[in-house]
Amino acid sequence: MIQIFRRFFSSKLGLAITLAFLGLIALAFASMDISGNATFGGVSGGDRVAVVGDQKVGTADLANRTTSALDRLRQDDPTLSMKAFVEQGGLEEVLDQLISRYAVGNYAQEHGLRAGDNLVNSEILKISAFLGADGNFSQDAYRQVLAQQGLTDAMVRGDLRDSLLQQQMIDPAVSGVRLPTKIAKHYAALLRERRKGAIALVPSAAFAPKDDPTDEQLKAFYDENRARYIRPERRTIRYASFGIGSLDESVEPTEAEIAARFKRDASEYAAKETRTLTQLIVPTQDAANTLRDRIAAGASMETVAREAGFSTTSIGPVSQSDYEDSSSAAVAKSVFEAERGAIAAPARSGLGWHIVRIDKIDRTPAKTLAQVSGDIRTALLEEKRIAALADLSARVEEQIDEGAPMSEVAEQLGVKVSTTPALTADGRVYGQPGQGVPPELSGTVETAFQMREGEPQLAEVVRGQTFLIFEVGEITPSASAPLSDIKDQVIAAWRLSEGSRLAREAADRIIGRLGGDEPVATLAASVRQEEKPLPPAENVDLTREQLAAAQNGQVPAPLALLFSMAEGTSKRLEAPNDLGWFLVDLDEISVGELADDDPIVASAKRQLEATATQEYSDQLVAAMRDELGVERNDSAIQAVRKQLTGEN
C-alpha cells in the first residue's frame, strides 16, 4: 500500500470516488485540503459535519475534499459542475470515505499504534517528486510541489501518517486470504455456464401521448427532473496576441555587431583538424618501442596487441585539445605531428605509454567574415528578437500587474482584441457541436476557467515569437436551463416519461401471460398479443465466457439480468432515460464439467481472494466505526452542500 502512495506523485492528483476504501488511505494525499486549514467561511450549523469517536470531521475538510474529488473527475469530464456532482451523490461519498479514514486513524491510536515523525520522514524521502537533480531529497522541490498543489507540510505528514496506520491496522488483518479450490471451482464453473432465453423491449415511444402536457404538468415534471437539464459553466475569453510586429524599434543586426560576434567566436571559425585514431596503451616504454617497431615493420597493430595480451581502442574524430584532455600534452603532440597511416612516437600519459596509429585526418580551413556573415546575421537577428520580445512582454506583464485594463494594453501594442463565443471547460463552443477555440487559445482554456473576470494574464504561445494577453470576459454559472429555453426538449421528455409508465403496464401484461392461468409458450408469442405493434423478442443462447468476450467487459443490463435470474423466471428491467422496459425470460441453465487443473479455476481463485480481501477490509472498517461511534451533523452537511453549489 505504501508503494502505491509513493508512486502517487507520478500520476494526476485527486480523489477517485469509485475507489474502494483499501485504496483510500494511500490515495488520501491526492485529495488533501487544497485551500489550507482555514474554517469553512459562511457555513452555518457548526464547524463539524460529523464526529468519529471524539474526533470531529470539519466542514472545511469536507468542502475541500469534495472540491478536490470534483477536480479529479473533471480530468475526464471537464464540463462536470459541482452542482451535478453533488446531486449525483458525490458529497455523500466523500463524507463516507472521510468518516472511514478518521475511524481507522482514531482506532489505531486508541490501541497504541503510532506512526512517528521519523517514520513519516523516511516515507517523504522516498517520494520521487521530492528529489532534486542529484537524486537526493530536495527541500526546494518539496516546497515547490506542495505550493503547486496547495498543500502544507502538516497535510502531507497527516496523510502519510494515516497511510502508515492503515498499513498497520488493515493489511495484517486481511493479508493471506485463501479460498479452497472447491469453492473456486464452483464459481469458475459459472463462466462455462450456458443460458438460453429471450429478451424483448417495450419502447416508451410506442405508448407516448401525442398531445402536449398542460402548463402545470410540464412545470411539475421540470421541477422534479431539474437535474437533467443542468448546463455547464460557460465563459467567454477576450484575447490579443503580439509578436515581432509589435516591436517599436528595428532589431536588424548592424555590420558592427556582426563583426564583433565574428571576433568573439574567432575560435569557432578558425582552421580545424580532427583525427581518427587506433590506440594501444602498454605499461613500459620498452614494450611500447618493441611493439611499435613490429607494427612499423608491417605487422597488424591489432594482431600485435592481441599477441601481447592487450587490446586496441578506436578514437575520434577528435581534436588535439580534446585528445589532450583524455591523455596528456606529450601524447597529443606526438599524435598530431604524425602523418596519416603512421605510428606516432610513443609518449606517456597517466595511463601508460601510448602507441597510436593515425587512421584519418580531417582538415577544415578557416572561414572569413564574408563567408559566415549570413549565418551570424541570422543568429543575431533571432537573439535580438527574443530579447526584444522578452523586454516587451515584461513591460506588458508589469502593466497588467499594475491593473491596466486589457483594452488599454492592446491599444498601446496596436493589436486587436477578439472575444470567443461562450466556451465550456473542455474548450468547445457551447451549443455548437464540433467547434472549438482558436488554436492559439488551446492552452489557455483550463487557466481561464480558474480566473476571475477582468484580470488579464500573459502567456507565451510560440517560444520567442508570439505572446498572448487573455482575460475572462463573461462567466455564466452552471445551472439548470430555464424551462422557457428548453420547453420542446422537456415536452419530449415528459411524453417519454408518460410513455414509460404505460409501457410498464404493457410489460407487466406480457410477463403475466407467461405465467398466467393459460400461459403463453414463449416471450415472443406474448409480445405479439399486445394491441400495439412492438419490436419482436430476440432469442439468447450464450455462456458467461462468450458474453464477457463479446462485450469486452461491458455487459448490457438485460444480459446481466439474464445471467442473474433463476431458471424458468421472467423479469422486467427499466431502460435508461425513460426509453422503455426490457423483458427478460430465462428458459434453461446448463453447466458443463470443469477439471481441477483448468486454468480458469486458478484465475477464479485469485479474483475471489481479492474480493474476499476487500470485503474483510470493508467489514473491519465498519466494525471500527461502530465501536467508536459516528455522529452526523445533518445541518452542517446541508450547509456545506449549499455553499458548494452556490445556493446560499
> Are a donor atom and an acceptor atom from the side chains of Asp618 and Gln614 found within less than 3.5 Å of each other?
Replying inline: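 Note: Asp618 and Gln614 side chains meet the donor-acceptor criterion.
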> Among side-chain atoms of Asp140 and Ser138, is any donor-acceptor pair under 3.5 angstrom?
Replying inline: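 There is no such pair (donor and acceptor under 3.5 Å, judged by atom type) between the side chains of Asp140 and Ser138.
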>> Can you list everything that forms a side-chain contact (heavy atoms from CB on, under 4.5 Å) with Asp597? Sequence neighbours excluded, please.
In response: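 Once residues adjacent in sequence are excluded, the partners of Asp597 under the side-chain contact (heavy atoms from CB on, under 4.5 Å) criterion are Ala595.
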>> Please evaluate residues Gln109 and Arg114 with respect to the criterion side chain to side chain contact (heavy atoms under 4.5 Å, CB included), reporting the C-alpha separation (whole Å), side-chain torsions for both, the decisive distance (0.1 Å), and the verdict.
In response: CA-CA 6 Å; Gln109 293 185 23; Arg114 295 290 183 270; 3.8 Å; yes
> After noting the C-alpha distance and the side-chain angles of Ile511 and Trp581, does the key distance pass the side chain to side chain contact (heavy atoms under 4.5 Å, CB included) rule?
Replying inline: CA-CA 12 Å; Ile511 290 179; Trp581 294 83; over 6 Å; no
> Is Ser204 reaching over with its side chain to a backbone N or O of Gly580, donor-acceptor style, under 3.5 angstrom?
Replying inline: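 Confirmed, Ser204 side chain pairs with Gly580 backbone.
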> Quick one: does Arg231's side chain have a donor or acceptor within less than 3.5 Å of a partner on Ala481's backbone?
Replying inline: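 No: the side chain of Arg231 does not pair with the backbone of Ala481.
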> Which atoms form the tightest heavy-atom contact between Val202 and Ala506, and what is the distance?
Replying inline: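 Between these two residues, the closest heavy atoms are CG1-CB, 4.1 Å.
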> Which heavy-atom pair separates Leu91 from Ile637 by the least distance, and what is that distance?
Replying inline: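 Scanning both residues, the minimum pair turns out to be CD2-O, 4.2 Å.
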Within a radius of less than 6.0 Å around [atom1] of [X], do more than 12 heavy atoms belonging to other residues, nucleotides or ligands occur?
X	atom1	value
Lys571	NZ	no
Phe221	CZ	yes
Arg161	CZ	yes
Gln55	CD	yes

Quick one: do [X] and [Y] make a salt bridge, cutoff under 4.0 Å?
X	Y	value
Glu92	Arg641	yes
Arg625	Asp96	yes
Glu123	Lys126	yes

>> Please evaluate residues Thr67 and Met82 with respect to the criterion side chain to side chain contact (heavy atoms under 4.5 Å, CB included), reporting the C-alpha separation (whole Å), side-chain torsions for both, the decisive distance (0.1 Å), and the verdict.
In response: CA-CA 8 Å; Thr67 301; Met82 176 62 78; 4.0 Å; yes
> Checking side chain to side chain contact (heavy atoms under 4.5 Å, CB included) against Met624, which of Asn106, Ile170, Val630 comes through?
Replying inline: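 Checked Asn106, Ile170, Val630 against Met624; only one passes side chain to side chain contact (heavy atoms under 4.5 Å, CB included): Ile170.
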> Which residues satisfy the side-chain hydrogen bond (donor to acceptor under 3.5 Å, both in side chains) test with Glu574, sequence neighbours excluded?
Replying inline: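 Testing Glu574 for side-chain hydrogen bond (donor to acceptor under 3.5 Å, both in side chains), a comparison that skips the adjacent residues, returns none.
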